[in-house]
Amino acid sequence: MSIYDTLNREQKEAVITTEGPLLLLAGAGSGKTRVLTHRIAYLIDECGVSPWNILAITFTNKAAGEMRERVDKLIGAEAAHVWVSTFHSLCVRILRRHIDLLGYDADFTIYDTDDQKNVIKAVCKRLNIDTKTYKEKELIREISSAKNELIDVSGYELSAIGDRNRCVYASVYREYQETLRKNNALDFDDLLVKTVELFRAKQEVLNIYQERFQYIHVDEYQDTNTVQFELVHLLAGRYRNLCVVGDDDQSIYKFRGANIRNILDFEHYFPEARVIKLEQNYRSTQTILDAANAVICNNTARKEKSLWTAKGKGDKVRLCQFDSAFEEADFIAEEIQRKVRKGDSYRDFAVLYRTNAQSRLLEEKMIMRGLPYTVVGGTNFYARAEIKDILAYLKTIDNGRDEVAIRRIINIPKRGIGAATLEKLEDFAELRECSLFEAMERADEISGLGKSSAKIRSFVALIRNFRKKALTMTVAELISDVVQSVEYEAYLQDNDPDSADDRLENVDELITKAVVYAETHEEVTLTDFLAEVALVADIDKVEDEDDRVLLMTLHSAKGLEFPQVYLAGMEEGLFPSQMVLFSTDPTELEEERRLAYVGITRAKDQLTLTYARSRMTRGETRYSAISRFVREIPQELLSDESGGTKREDKFFRALKDSDPFGDLTGSFSGSGARGGQADGLYRYREHSEDKQPASGGKPKAFVRRKATAQADKPFITQGIGALNLVAGISKGTQGIQDYVPQFGVGDRVSHTKFGEGEVKAMERVNKDYKVTVDFDQFGTKIMYASFAKLKRV
DNA sequence: CCTACTACGCTTTTT
DNA sequence: GCGTAGTAGG
């Protein structure tokens, strides 16, 4: 009995086809990760390949982590030498070693979208470009797609000749790229582009990695873009042992430059390629698969395949219609609550939706019923203002050339260095061709600074002092020191007392992350930590052990599976989105349909499609027809269980209706006219024009409670009183976490890092608990319940 | 230089 | 409806 006996015939074949290019068309739930991990095991155990020579590339850290774990389990300690990595972190590792050959320093910083926007803003100002006509977002997108297509500045300029608009883009692209270089920074796209540049320019470097990575695996190949394709192509150029795994039906990242042709034309690029299809699905019931197949077969650009399962038919796909999104959300929360009472677990459920904005209503209803849930996505932890502030300090300490970072913190907390002073510094820096920080160091050479001069001096001294400390302190200690030295807590309190506690917790969590990072990595440098932090996605942090309902976008859900799935907001104009409906490019609708396919195939046992006839979007109530994707599912696979709202007749009439938009929406004119009713959907203003004056401070914020409770123990009895319903989560933050302590003084609790201990004291601090725990091994620690994830034992 | 108010734009998806 | 960015006034 070997580990390979559990594989089916196609899977086995994929595992033993180790030499040459291999395209693995792996349908949803067909066990592709199993195949990949077994293939790696086979290479090592049966073919005598050194783990050192194996590379596996994924898109997310989470996927990389999972694969790493499974490979470890399969082959043990040796697996540590297999390189399992995301595209971006692979590139970071390579660039840290060789980027000096391209004229950057090895300690380059990585810019996220927020940083990019700041650079673009400064660039536009410098070039006198009106950001009203040329939107920053638009500019970023244009530059990003150019990079994804491996078009460099000169290439872009060439292609822009004769086109005024594109000439403006070209000038921004050039200036942007020069700014990044000056700041010794790379954006996400650069990480890939520069690696390709490096390989193309330096054959000797490419040789190293071609020799190193003799067997290359790429997961989610359908989502690769041109740069990634080129990167893989270059790496596999010598040995051509390239195994790519993907499903063209799950290609959903075109907006990010993913090129579906990479998978569709694989055999064209590699004529000697073997192609193996994995069509047996181990996840879903036949009914769910039939529904998925029925939807996806409306697409034209795809490789023919058909999923089947040995599982039975299972329940029908349920359709639930509601009058409003409010009722829809309430139904979902109510039903989950009911099912959990009957014995299901929270973690059995996922609610998937098209846009992040939809999470709001759902969250509210979950809170009202006390269901523990996690929202994946939305604002990334590392994109929060307080985290970015601290990271900007670290970046300034680490890389003095990072102007974006300096500008962010130069006056945070307020130290009297305002726009005017900053401008003088910048002028000086430009004149003397030095960095902004150098200009600050030479502040006494700049005339007209007046009192600011002393303030700048003390800022410079502050940063220098941090740099000195950074040599001996751990990252975590350095963060604490920064927070204390600049009196960041007081700054948060002054700025917005309501959110200060939450924000401080986030800062504490950052410290925790630094500690964990140091524990799990050897010889941690500040540079490493900052890079790690820059490349973390939200989905990476979802912990499987947590028993909570997951709310997320369809995009985030890819690769996951749940016994029971709700697809909410199945409406024309929402899903498929309006943008797509108005696009002249029919492939966009196909991408949207693939998204539907991804959503449907997440469900193992039960799939529920919900649809609201009216929905508030951007302050307007919109009425829409049922999604065409629902209509593409054969009626015999559906059952209407609207949970009490008896509307079957009308509902099915709408479904059967030959008018593609049913009787529920108004005229649909694709005339291209904007606004009003011309987009085919009835709209009207819900609110009277004479709004209440915004006196009395803030508009009534959504009532959010940063707590949940077990369904059978309502939160009130947990000691979190009704007062806590008052808005806890403030601007910019999201991701409501469960922290109702399920323990009290005297209880034994366990902590992920510190092990077990006894609760010595608990103190209410605003919306949180400060818990004092005496740990068996680590002594007494005081921590906030909200993020310590203490569990009673 | 900082604060408070207004106006705008946003919502498709994110490594 | 909400958050951000920009502007006017202190």
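Lettering of chains follows the sequences in order, A, B, ..., and the numbering in each one begins at 1.
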Taking side-chain contact (heavy atoms from CB on, under 4.5 Å) as the definition, give me every residue that meets it alongside A:A568, ordered by chain and number, with sequence neighbours left out. A:E328, A:I332, A:V351, A:T610
A:Y173 six-ring centre to A:K147 NZ/CZ under 6.0 Å and within 45° of normal: no
Mind checking A:T86 for me? I need base, sugar-phosphate or nothing, with any heavy atom below 4.0 Å counting as a touch. nothing
Return the value, rounded to whole Å, for the distance between atom CD1 of A:I456 and atom P of B:dC1. 9 Å
Set of residues satisfying ring-ring contact (aromatic ring centres under 6.0 Å, His included) with respect to A:Y491, sequence neighbours excluded: A:Y488
Between the protein and nucleotides 7-13 of chain B, which nitrogen or oxygen pairs come in under 3.5 angstrom?
unit_1	atom_1	unit_2	atom_2	d
B:dT11	OP2	A:K137	NZ	2.0
B:dT12	O2	A:R354	NH1	2.5
B:dT12	O2	A:R354	NH2	2.3
B:dT13	OP1	A:N356	N	3.2
B:dT13	O4'	A:R354	NH2	3.4
B:dT13	O2	A:R354	NH2	2.9
B:dT13	O2	A:H555	NE2	3.4

Separation of atom CG in A:L361 from atom P in C:dC2, rounded to whole Å: 11 Å
Grab the NZ-P distance between A:K125 and C:dA5 for me, whole Å please. 14 Å
Does A:K414 reach a base, just sugar-phosphate, or nothing at all? Heavy atoms under 4.0 Å. sugar-phosphate
Take the protein atom CG of A:D219 and the nucleotide atom C1' of B:dT15, then report the distance between them rounded to whole Å. 14 Å
With sequence neighbours excluded, what pairs up with A:K117 under the side-chain contact (heavy atoms from CB on, under 4.5 Å) test? A:E136, A:I140
Residues two or more places apart in sequence or in another chain: which of them pass salt bridge (charged side-chain N to carboxylate O under 4.0 Å, His left out) with A:R415? none
What is the nucleic acid contact for A:N411, judged by heavy atoms within less than 4.0 Å: base, sugar-phosphate only, or nothing? sugar-phosphate
Non-neighbouring partners of A:D114 that pass salt bridge (charged side-chain N to carboxylate O under 4.0 Å, His left out), sequence neighbours left out: A:K388, A:R408
Rounded to whole Å, the CZ-C1' distance (A:R415 to B:dC2) equals 16 Å
A:I143 CD1 to B:dT14 P: how many Å, rounded? 21 Å
